[in-house]
Amino acid sequence: MPTNRPVRVRFAPSPTGDLHVGNIRTALFDWAYARHTGGTFIFRIEDTDTDRVTDEYIAAALDTLRWLGLNWDEGPEVGGEYGPYLQSQRLDIYAEYAAKFLAQGDAYYCYCSAEELEARREAQRAANVAPGYDGKCRSLSAEEVSAFVALGRKPVVRMRMPDGETTFTDLIRGEVTFDHNFVPDFVLARGDGSPLYTLAVAVDDVLMKVTHVLRGEDLLSSTPRQIRVYQAMGLTPEEYPAFAHLPFVMGQDNAKLSKRNGEVSIAWYRDAGYLPEAICNYLALLGWSPGDDREDVSREEIAELFTVERVHSSPARFDMKKLEAINGDKIRALELDDLLARVTPFLHRDGVIEGTAAELAVVKLTLPLIQERIATLAEVSAMVKFLFVKEFAIEADSLPKVSDEQSQSVLQVALSTLESVADWKHADIEAALRTALIDGLALKPRIAFGAIRIAVTGSHISPPLFESMELLGRERSMARIAGAVK
RNA sequence: GGCCCCGUCGUCUAGCGGCCUAGGACUCUGGCUUCUCAAGCCAGCUACGAGGGUUCGAAUCCCUUCGGGGCUACCA
C-alpha cells in the first residue's frame, strides 16, 4: 500500500455506452477522494475493447463528467505529464510489458483456440471442477510451438499464476484473500497483440502513479490478477495502488443496474430536468454519508467531508423519489437568473418559446410563481405553456369542470366583474372576484376560482390564478373566459 | 457448482459493547394551511434476516445458517 506518495486517483470508465448512475457514483467518489486529500484526479479512457467502445460514447463521457462539475486535473483534453490518457493510444506500452513478461517467464504464449478453450471449460463444468485455464500451453516444446505456427495459429499472451495465494487490504472491506487455485492463468494480450483490461489497467495505474483505486465491486475478484501484473513489473505493495471496492448501485427492481433499465444513463436525467448538483448530492448519499444527519450537501462539501472509511460495504438501491425530492430542494434554492438560464433550454426544446427577449421577460416574471411547484426543470414547460400558446384549448380532462351550470354562471359573473377592474394587477383582480363571487354569490373559493382557472389556463392545475391572469393580460384573460362560456 | 463480497424501517442511512423502549431523510398515511397543484408545518406507520455463543450488558464481537449480489471471457 502506498505510503507518503502524493494522492493520485483515477476514474477510468470503458465507454461502451452512456455513463450510468453507477459509473457516476464511482466518478464522484474518485473525484471527492482526490479533492479531499488535495490529490490529483485523473480521467482515463479504457478503450481497449475496440468492438464495443465508440468515439461517440467517449465524447459523451467527457461531456457528462464536465456537466456534473467533476473536473479532472489530467486526462483527455487537459493533458498531463503521464499521458496519453486513452488506452488506445498507449498500445505500444502494453506490448512492451507483454514482451517483458514473456521474456521473464512470467507469461507464456498460449495457442489454444477459443473453441478448444470453450470445450474444455464445458468439460470442467460437467466434471464439477472449477472452470479456468488448465495450463495446457504452460510449457510447450519447440516442436509443439512450430506445429501450432504451421497451423497459422496466433497465440495469446497468458500470465502464469504461481501456486499460493494473494492477500490485499481493501480499504472498505478489510483483508481479502484469494487462493490461486481459483485464479487461473489469464490472458494479457489477444492474438492480434492488443492488450486486455487486466494488463492495461495495471500498467497504466503504475505508470500514471495512481495511489488509490476506488472502483466498482465487480472488479474485486480481478484484483489478484492485477496484483500479479504488478509483481511481474517488479513492484512491492508500497509501490502499487491501494484498493477500495465500492458497493453497487442497484436498480429499483433490486437488480444490478444495466442499460436495460432505461432510466440509468446520466443523459436521461439531464434531459429529464435534473440538476447536476442534485445528482451529485443524491449519489453521494448512496453508499456514503457525511456522518451526521445532514443530507443537503454541495459538491464542495462532499469533497470536504469524503473519506473512504465512511463508505458502506453493502449495495444501495437507487431511489428516484428521493432524487426528485433533492432536485426539488435544489431548484428552490436557485437564484432567479440562474433558474431562468437553466430552464430556457427546456422551454425552447419543448417548443414553448422561441427565445425572444420579450418571452424571456415573461418567463422570468413567471418563474417565482412556479419555482416551488416543480421537482424537475422539464416540468416548467407544462406550467407556463398557457402564457405562450397560439391556439388556446382547455385540456380534455378539465373541460367537464367548466361546462356545468354553476361554472358557467361563475364565468359570466367573472367576465362582467373583470370589465370594471381598473388596474390589471393580481391584487385588484383578486379583490374584485372575491367580492363578486365569494361574497356576492356565496361560493366556495375553490369552486369559483376553479372554473376561472380552467378557463384561463386550460388546466385545473396551474400557477396561482390571479398572478397568472395578470401575466396573461386583460385581453387574453377575458377572451379565454368568454371563450369558455357556451 | 466453486471462489469472493454483502445483510438496521418499503428505500437511503446514523449506530463502531451500555447514551437505542434504535435517530434522521425520502416514500406512504392522517391533519393544519390554502384560489388548484405544490411548498411549508404537525402527527403517525414501519427495521437490527434467523439460531447459537462471548459478556454484568450486543444492532454493535465470534460461529453457524438463511438470503442477496459479483466473478468464474482473446468484456471491463
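In the text below, chain A, chain B and the rest are named by the order of the sequence lines, each starting its count at 1.
- The side-chain heavy atoms of Ile24(A) and Leu65(A), taken from C-beta on, include a pair separated by under 4.5 Å.
- Spacing of C1' atoms, C66(B) relative to G52(B), comes out at 14 Å, to the nearest Å.
- In this structure, a donor-acceptor pair under 3.5 Å is absent between the side chains of Thr376(A) and Asn327(A).
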Could you run down the sub-3.5 Å N/O contacts of the protein with nucleotides 23-28 of chain B?
| residue | atom | partner | partner atom | Å |
| --- | --- | --- | --- | --- |
| G24(B) | N2 | Glu295(A) | OE2 | 2.8 |
| A25(B) | O2' | Glu295(A) | OE1 | 2.6 |
| A25(B) | O2' | Lys322(A) | NZ | 3.2 |
| A25(B) | N3 | Lys322(A) | NZ | 3.0 |
| C26(B) | O2' | Lys322(A) | N | 3.4 |

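- Only the C1' atoms considered, G40(B) is 29 Å distant from A22(B), to the nearest whole Å.
- For C48(B) and G23(B), the C1' atoms lie 13 Å apart once the distance is rounded to whole Å.
- At whole-Å resolution of the value, CZ in Phe466(A) and P in C35(B) are 8 Å apart.
- Electrostatic pairing of Arg215(A) and Asp30(A) does not count as a salt bridge here, judged by no charged N lying under 4.0 Å from a carboxylate O.
- For Tyr109(A), the OH atom sits in a loose shell: 12 or fewer heavy atoms of surrounding residues, nucleotides or ligands are nearer than 6.0 Å.
- Glu115(A) comes within 4.0 angstrom of nothing in the nucleic acid, heavy atoms only.
- Protein atom CG of Leu246(A) is 20 Å distant from nucleotide atom P of A76(B), rounded to whole Å.
- For Arg476(A) (side chain) and Leu387(A) (main-chain N/O), a donor-acceptor pair under 3.5 Å exists by modelled atom type.
- With rounding to whole Å, Arg10(A) atom CZ is found 13 Å from A76(B) atom P.
- Scored by the side chain to side chain contact (heavy atoms under 4.5 Å, CB included) test, Pro276(A) finds Trp67(A), Leu68(A), Arg299(A), Arg342(A) as partners (sequence neighbours excluded).
- The aromatic rings of His245(A) and Phe243(A) sit parallel, their planes meeting at an angle under 30°, below the 60° perpendicular limit.
- Nearest to the side-chain atoms of Ala316(A) among the listed nucleotides C12(B), C75(B), C35(B) stands C12(B).
- When the C1' atom is compared between G24(B) and U46(B), the two are found 15 Å apart, to the nearest whole Å.
- A salt bridge does not link Lys321(A) with Glu324(A): none of the charged nitrogens is closer than 4.0 Å to a carboxylate oxygen.
- If you take atom C1' in C71(B) and the same atom in A76(B), they sit 12 Å apart, rounded to whole Å.
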Quiz item: Where along nucleotides 44-51 of chain B does protein come under 4.0 Å, by heavy atom, of base (B) or sugar-phosphate alone (S), with - for untouched nucleotides?
Solution: --------
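- Residues of residues 192-200 of chain A that place a heavy atom closer than 4.0 Å to RNA chain B, in numerical order, are Leu196(A), Tyr197(A).
- Taking 4.0 Å as the cut-off between side-chain N and carboxylate O, Glu96(A) and Lys100(A) do not count as a salt-bridged pair.
- Listed by residue number, the members of residues 423-436 of chain A with any heavy atom below 4.0 angstrom from RNA chain B are Arg434(A).
- Summarising the geometry, the separation between CG on Leu369(A) and P on A39(B) is reported as 16 Å, rounded to the nearest angstrom.
- Between U21(B) and A59(B), the two C1' atoms lie 14 Å apart (nearest whole Å).
- Atom CG of Leu151(A) is separated from atom CZ of Arg153(A) by 6.0 Å, given to the nearest 0.5 angstrom.
- Listed for the Arg173(A) side chain is a donor-acceptor partner under 3.5 Å among the backbone atoms of Ser313(A).
- Nucleotides G10(B) and C5(B), compared at atom P, are 27 Å apart to the nearest Å.
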Heteroatom pairs (N/O) under 3.5 angstrom, protein to nucleotides 36-38 of chain B:
| residue | atom | partner | partner atom | Å |
| --- | --- | --- | --- | --- |
| U36(B) | O2' | His460(A) | O | 2.7 |
| U36(B) | N1 | Arg453(A) | NH2 | 3.3 |
| U36(B) | O2 | Ser462(A) | N | 2.9 |
| U36(B) | O2 | Ser462(A) | O | 3.1 |
| U36(B) | N3 | Arg453(A) | NH1 | 3.4 |
| U36(B) | N3 | Ser462(A) | O | 2.7 |
| U36(B) | O4 | Arg373(A) | NH2 | 2.9 |
| U36(B) | O4 | Pro464(A) | N | 3.4 |
| C37(B) | O2 | Arg373(A) | NE | 2.9 |
| C37(B) | N3 | Arg373(A) | NE | 2.9 |
| C37(B) | N3 | Arg373(A) | NH2 | 2.9 |
| C37(B) | N4 | Arg373(A) | NH2 | 2.9 |
| A38(B) | O2' | Glu372(A) | O | 2.8 |
| A38(B) | N1 | Glu372(A) | OE2 | 3.1 |

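- For the salt bridge (Lys or Arg N to Asp or Glu O under 4.0 Å) test, no residue two or more places apart in sequence or in another chain qualifies with Glu379(A).
- For Ser407(A) and Asp404(A), the side-chain atoms include at least one donor-acceptor pair closer than 3.5 Å.
- Taking 4.0 Å as the cut-off between side-chain N and carboxylate O, Asp204(A) and Arg10(A) do not count as a salt-bridged pair.
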Return all side-chain donor-acceptor pairs below 3.5 angstrom for residues 438-455 of chain A, not counting sequence neighbours, or 'none' if the list is empty.
| residue | atom | partner | partner atom | Å |
| --- | --- | --- | --- | --- |
| Arg453(A) | NH1 | Ser462(A) | OG | 2.8 |
| Arg453(A) | NH1 | Pro463(A) | O | 3.3 |

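- If you take CZ of Arg120(A) and P of C74(B), they are 11 Å apart, rounded to a whole angstrom.
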Donor-acceptor pairs are to be reported for all side-chain atoms of residues 184-195 of chain A against protein atoms at under 3.5 Å, with residues two or more places apart or in another chain.
| residue | atom | partner | partner atom | Å |
| --- | --- | --- | --- | --- |
| Asp185(A) | OD1 | Arg138(A) | NH2 | 3.0 |
| Asp185(A) | OD1 | Met161(A) | N | 2.8 |
| Asp185(A) | OD2 | Tyr108(A) | OH | 2.6 |
| Asp185(A) | OD2 | Arg138(A) | NE | 2.7 |
| Asp185(A) | OD2 | Arg138(A) | NH2 | 3.3 |
| Arg190(A) | NH1 | Thr48(A) | O | 3.4 |
| Arg190(A) | NH1 | Ser194(A) | OG | 3.1 |
| Arg190(A) | NH1 | Pro195(A) | O | 3.1 |
| Asp192(A) | OD1 | Ser194(A) | N | 2.8 |
| Asp192(A) | OD1 | Ser194(A) | OG | 2.7 |

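- For Asp423(A), the side chain to side chain contact (heavy atoms under 4.5 Å, CB included) partners at least two apart in sequence or on another chain are Lys425(A), Asp428(A).
- Ring pair Phe29(A)/Phe306(A) is tilted by interplanar angle, where 30° to 60° counts as tilted.
- Counting only residues at least two apart or in different chains, salt bridge (charged side-chain N to carboxylate O under 4.0 Å, His left out) contacts with residues 283-295 of chain A comprise Asp292(A)-Arg294(A), Arg294(A)-Glu301(A), Glu295(A)-Lys322(A).
- If you take OH of Tyr133(A) and P of U72(B), they are 18 Å apart, rounded to a whole angstrom.
- The same atom, C1', is picked in G67(B) and in G31(B); the two are 40 Å apart, to the nearest Å.
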Exercise. Encode nucleotides 2-8 of chain B as B, S and - characters from 5' to 3', where the letter depends on protein heavy atoms closer than 4.0 Å: B to the base, S only to sugar-phosphate, - to neither.
Key: SSSBSS-
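- Using a 4.0 Å cut-off between charged nitrogen and carboxylate oxygen, Asp205(A) and Arg44(A) count as a salt-bridge pair.
- In this structure, Val156(A) and Ser289(A) both approach RNA chain B, and ranking their closest nucleotides by distance from the 5' end singles out Ser289(A).
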